[in-house]
There are 2 protein chains.
Amino acid sequence: MRADIGGFPVQGVVLVRKTREEAEKTRKQIVDSARAVFHRCGVSRSTLEKIAQEAGVTRGAVYWHFKDKSELFFAVREDIFAPLLERTDSILFSEAYADPLDAIQASLQEFFRVLDDCSVVREVFEIMILRCEYVQEFASVQEEVNRPAIDFLAKIERMYVRAAERGTLRTGLDPFAAARDTWAFTSGLLHLALECRLEENLATDVATLIVAHMALRRGPL
Amino acid sequence: MRADIGGFPVQGVVLVRKTREEAEKTRKQIVDSARAVFHRCGVSRSTLEKIAQEAGVTRGAVYWHFKDKSELFFAVREDIFAPLLERTDSILFSEAYADPLDAIQASLQEFFRVLDDCSVVREVFEIMILRCEYVQEFASVQEEVNRPAIDFLAKIERMYVRAAERGTLRTGLDPFAAARDTWAFTSGLLHLALECRLEENLATDVATLIVAHMALRRGPL
DNA sequence: CAACAAACATACATCCTTGTATGTTTATAA
DNA sequence: TTATAAACATACAAGGATGTATGTTTGTTG
């Protein structure tokens, strides 16, 4: 039996035991396909058969790399979340900004810029917010999914406290109250941007919305 | 064949052709059961069999009252949404408040108070936000689901404009920018309240969060 | 009082989906 | 060079879920 025809691997032929890097490539292919199928069909209607087919493999390959669908889901999420979080955090805690409020603003703008520019990032957020049901085995996944949101509150609280210390926060403003307000604002902006599909309307305005939001709490006045 | 035993209706016996009000009662029973099962299992894993069983009827009854699952979903939503929207709108547009900002604040607080007090309301929101995948036949449902959010923006824009006219809005604040900020804030608050399950922590603080949010845009200063 | 239709229950056929068990190559270590 | 196990493909069993078709009562209308 030939393992490939014209250089293209085909199914229906057993050709296995690839090198480790080949296996890694297959794994990544499965994760990418899972993202596409999750986004197109929703998580629950995404069968492992569809995902395997889109990846050009069989369910056997999927079951080899992942225990079940929820583990695949987690991999899809990590693949995108980890680098994004690292990026926004590095801005938020950058020493380049004299005013902590500038760091918050830049970090938020970068987040929504990536969300707007990078389709795979947007796909993952749409999957997690609009195309996944958090029950049963996914109930535990939800906690992981929400952890960044919880952490985000703690982070901007620290920044707002710092801003208060440096006197750039409007006088009379409680930094913790300000942090919670920004927290809700950011979450809402994310959800509305995904849910309402405001095309160019909101997309271009998000930056100015963020500027306006931050301007309200800049001091000392 | 007896239609009931000891006053309790039983299955396995055909007893049908009830009066119209009896039929309405079973319909409502099905909607209530659907809400419970949707909330427990998620929409996609909620089979019509489970829903029928919980309602004490068979799938035949469900198919008689509703075309399919998505129509049932819509009924569950309307059952709760309509009265809630009417309630918050009546506060928002009430003549009792001299300051439009007070009306906005009261309306928001009432919304979150109901969300906190009324478990069925909370269940419906949790179903729609955390336990439903908006794809395929539910993609069209999503538009209906998001319409209140869109409408809400238009409503508070009007109120903020009114506040600007009456001079209760902080000078220099664009009413439309303020409206969008409050819009995102509200959406985020709703999502975070449901997602992060902040128990007593956030629940009691929501009211103060709203007050703090509105205080930032009260003028004239 | 007879016919009709509302309001369901039952039964049937079909199609997926998942999990696991079992092949089958081939890189790699001994 | 041979044995082992990685990296898959194939096959099998079983359990649902949906939609529809068809029964079966009984309130209601003429």
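Numbers restart at 1 for each chain; the letters A, B, ... are given by sequence-line order, proteins then strands.
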The side chain of K69(A) is closest to which nucleotide in this list: dA6(D), dT18(C), dT18(D)?
dT18(C)
Quick one: which of dC8(C), dT18(D), dT10(D) gets closest to the side chain of T58(A)?
dT10(D)
Euclidean distance, atom CZ of residue R45(B) to atom C1' of dG16(D) [Å, nearest integer]:
12 Å
Within 6.0 angstrom of R87(A) CZ, more than 12 heavy atoms from elsewhere:
no
Counting just side-chain N and O atoms, does H65(B) come under 4.0 Å of either OP1 or OP2 of dC8(C)?
yes
Nearest to the side chain of A23(B), which nucleotide is it out of dA9(C), dC8(C), dT18(D)?
dC8(C)
Just how far, in rounded Å, is P of dC8(C) from CZ of F66(B)?
11 Å
With the side chain of R59(A) defined as its heavy atoms from C-beta on, choose the nearest nucleotide among dT10(D), dG19(D), dG19(C).
dG19(C)
Are E133(A) and R45(A) ion-paired here, with the side-chain N under 4.0 Å from a carboxylate O?
no
Against the side chain of V57(B), the closest entry in dA6(C), dA9(C), dT18(C) is dA9(C)
OP1 or OP2 of dG19(D) versus the side-chain N and O atoms of Y63(B): is any pair under 4.0 Å?
yes
Assess the pair F74(B) and F81(B): is the distance between their ring centroids shorter than 6.0 Å?
no
Nearest whole angstrom, please: distance from the P of dT24(D) to the CH2 of W64(B).
18 Å
Rounded to whole Å, please give me the gap between CD in E21(B) and P in dA7(C).
12 Å
Starting from P on dG19(D), measure out to CG on L72(B) and report it in whole angstrom.
12 Å
To the nearest Å, how far apart are L48(A) CG and dG19(C) P?
7 Å
Which nucleotide in the list dA9(D), dA9(C), dG19(D) gets nearest to the side chain of A61(A)?
dA9(D)
Grab the CD1-P distance between I51(B) and dA17(D) for me, whole Å please.
11 Å
Phosphate OP1/OP2 of dC8(C): any T26(B) side-chain N/O under 4.0 Å:
yes
If each of G60(A) and S44(A) is mapped to the nucleotide of DNA chain C with the nearest heavy atom, which maps nearer the 5' terminus, i.e. the 5' end?
S44(A)
Does either side chain, that of T26(A) or that of H65(A), offer a donor lying less than 3.5 Å from an acceptor on the other one?
no
Are D32(A) and R35(A) ion-paired here, with the side-chain N under 4.0 Å from a carboxylate O?
yes
From the options dC8(C), dT18(D), dA7(D), select the nucleotide whose nearest atom is closest to the side chain of T47(B).
dT18(D)
Rounded to whole angstroms, how far apart are CD on E22(B) and P on dA5(C)?
23 Å
